[in-house]
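Positions are given from 1, in the same order as the sequence printed here.
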Amino acid sequence: MIRQISFFFIIISLLSCKKTIQTSYKEQKKTGMNLPVTHKKFKDFSELSKNKMAEWKEYNELNEFMQRFYNISPNDALNMASELNGLIKNLINSTKNEDLQKSALIARVNVLQNEALRLKDMTLIPAIKPKEVNSQVDKILLIFSSYNEKVNTIFSKKKFDEEIDLELLFKDIDSISQ
């Protein structure tokens, strides 16, 4: 009889524990790190620049990758930080166009690389806040936009210089002044 009573109490205690365990699981709320944020789109190339840059594989890969950052969660941005750094490094190493060897453009790509490295460093900070990650993504997109605008400016200036014959213009000025 004592066996039966102790067996009965063991079964009741197991059943009550099971209920407690089942009710303690709750649906986890989405943290701010998992919520996608829509960021401002970056400036794209003009038609002239697109034609000149169409064959630059490394830039096109980076451009396509950067478009993923338009609507991204902070967690995803942190997960993609390492790949972003690799693509920027490839871009730096593959710049062969003499028109793009301008110091202003080199400075922009260096700043882009530094900001991407900062995003990569954020992966090591356990208490990072979503707002900080989103702010860093905004900076990266802004700098990439600035890079694209500078490329547009370089190619439009080159086209302008090619269309205007400055030597002829100066010859006309010299003939007028004599």
Side-chain angles (χ1 to χ4, degrees), residues 30-167 169-170:
K30 278 193 168 182
T31 65
M33 293 296 283
N34 294 326
L35 294 174
V37 174
T38 302
H39 298 275
K40 186 178 177 183
K41 292 190 176 191
F42 54 83
K43 178 91 172 159
D44 204 6
F45 282 150
S46 65
E47 287 303 315
L48 175 64
S49 297
K50 282 181 186 178
N51 293 335
K52 301 262 187 186
M53 303 286 281
E55 294 180 17
W56 191 10
K57 184 183 104 180
E58 290 80 7
Y59 173 82
N60 292 323
E61 287 174 356
L62 177 61
N63 186 41
E64 188 176 312
F65 189 80
M66 291 293 286
Q67 291 177 7
R68 298 180 192 168
F69 282 85
Y70 288 149
N71 191 18
I72 194 168
S73 70
N75 268 341
D76 290 340
L78 293 173
N79 291 336
M80 295 167 60
S82 183
E83 188 176 353
L84 175 63
N85 277 289
L87 290 171
I88 293 171
K89 202 175 276 189
N90 290 343
L91 178 80
I92 292 170
N93 295 332
S94 70
T95 307
K96 294 177 181 126
N97 189 328
E98 288 182 27
D99 296 328
L100 302 179
Q101 296 293 335
K102 309 282 187 211
S103 59
L105 199 56
I106 292 169
R108 282 172 175 78
V109 78
N110 286 336
V111 171
L112 178 64
Q113 184 180 30
N114 289 338
E115 294 301 330
L117 285 169
R118 169 83 174 109
L119 181 66
K120 185 178 177 185
D121 288 346
M122 287 180 165
T123 63
L124 304 174
I125 303 171
I128 194 74
K129 294 182 174 94
K131 184 177 180 182
E132 294 167 337
V133 176
N134 290 329
S135 174
Q136 191 63 28
V137 169
D138 285 336
K139 286 179 190 176
I140 290 169
L141 291 173
L142 179 66
I143 294 164
F144 189 67
S145 181
S146 173
Y147 180 85
N148 288 346
E149 286 183 54
K150 186 62 179 177
V151 170
N152 287 341
T153 303
I154 288 170
F155 286 127
S156 64
K157 180 186 179 302
K158 184 178 178 180
K159 182 181 178 190
F160 179 78
D161 290 345
E162 289 170 353
E163 289 177 353
I164 295 179
D165 188 5
L166 293 177
E167 290 179 24
L169 182 64
F170 286 121

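- The shortest side-chain heavy-atom distance between L35 and S73 does not fall under the 4.5 Å cut-off.
- With rounding to the nearest 0.5 angstrom, the CE atom of M53 is 7.5 Å from the CG atom of N97.
- Inter-residue side-chain proximity for L84 and L62 is flagged as met; some heavy-atom pair is nearer than 4.5 Å.
- Here the shortest heavy-atom pairing between L119 and A77 reads CD2-O, 3.8 Å.
- Considering only heavy atoms from C-beta on, M66 comes within 4.5 Å of L141 through its side chain.
- Residues that satisfy the side chain to side chain donor-acceptor pair (under 3.5 Å) test with D99, not counting sequence neighbours, are K158.
- Taken from CD1 in I88 to CG in L112, the straight-line distance is 3.5 Å, to the nearest 0.5 Å.
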Might you work through the side chain to side chain contact (heavy atoms under 4.5 Å, CB included) test for F65 and N60, ending with a clear yes or no? CA-CA 8 Å; F65 189 80; N60 292 323; over 6 Å; no
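- Note that the CG atom of L91 and the CH2 atom of W56 stand 4.0 Å from one another [nearest 0.5 Å].
- Residue pairs meeting the ring-ring contact (aromatic ring centres under 6.0 Å, His included) criterion with at least one member in residues 76-95: none, sequence neighbours excluded.
- With hydrogens and angles ignored, the 3.5 Å screen pairs no side-chain donor or acceptor of S146 with any backbone N or O of L142.
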Using side chain to side chain contact (heavy atoms under 4.5 Å, CB included), reason through N71 and V37 one step at a time and then give a plain yes or no. CA-CA 5 Å; N71 191 18; V37 174; 5.7 Å; no
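- At least one donor-acceptor pair closer than 3.5 Å links the side chain of N85 to the backbone N or O of L117.
- Residues T95 and E58 fail the side-chain proximity criterion, which asks for heavy atoms closer than 4.5 Å.
- Side chain of R68 to main chain of E64: no donor-acceptor pair is present (N/O by atom type, distance under 3.5 Å, no hydrogens or angles).
- Scanning for side chain to side chain contact (heavy atoms under 4.5 Å, CB included) contacts around S46 gives L48, S49, N152, with sequence neighbours left out.
- Looking at L78 and M33, their side chains come closer than 4.5 Å, going by heavy atoms from C-beta outward.
- For the atom pair OG1 (T153) and NZ (K150), the distance works out to 6.0 Å, reported to the nearest 0.5 Å.
- Looking at residues two or more places apart in sequence or on another chain, you find a salt bridge (charged side-chain N to carboxylate O under 4.0 Å, His left out) between E47 and K50.
- Looking at M80 and I72, their side chains come closer than 4.5 Å, going by heavy atoms from C-beta outward.
- Using a 4.5 Å cut-off on side-chain heavy atoms (C-beta onward), F155 and N51 make no contact.
- F144 is linked by a ring-ring contact (aromatic ring centres under 6.0 Å, His included) to F42, Y59, counting only residues two or more places apart in sequence or in another chain.
- If you check the side chains of N148 and S145, you find no donor sitting under 3.5 Å from an acceptor.
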Report the C-alpha separation of D138 and K40 in whole Å, then their side-chain angles, then the decisive distance to 0.1 Å, and conclude whether the side chain to side chain contact (heavy atoms under 4.5 Å, CB included) test is met. CA-CA 7 Å; D138 285 336; K40 186 178 177 183; 5.6 Å; no
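- Annotation: side chain of F69 is not in contact with side chain of D76 (no heavy-atom distance under 4.5 Å).
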Verdict with reasoning, T38 to Y70, per side chain to side chain contact (heavy atoms under 4.5 Å, CB included): CA-CA 6 Å; T38 302; Y70 288 149; 5.8 Å; no
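- The side chain to side chain donor-acceptor pair (under 3.5 Å) analysis of residues 110-134, with sequence neighbours excluded, yields the pairs E115-Q136.
- In this structure, CZ on R108 lies 11.5 Å from CD1 on I106, to the nearest 0.5 angstrom.
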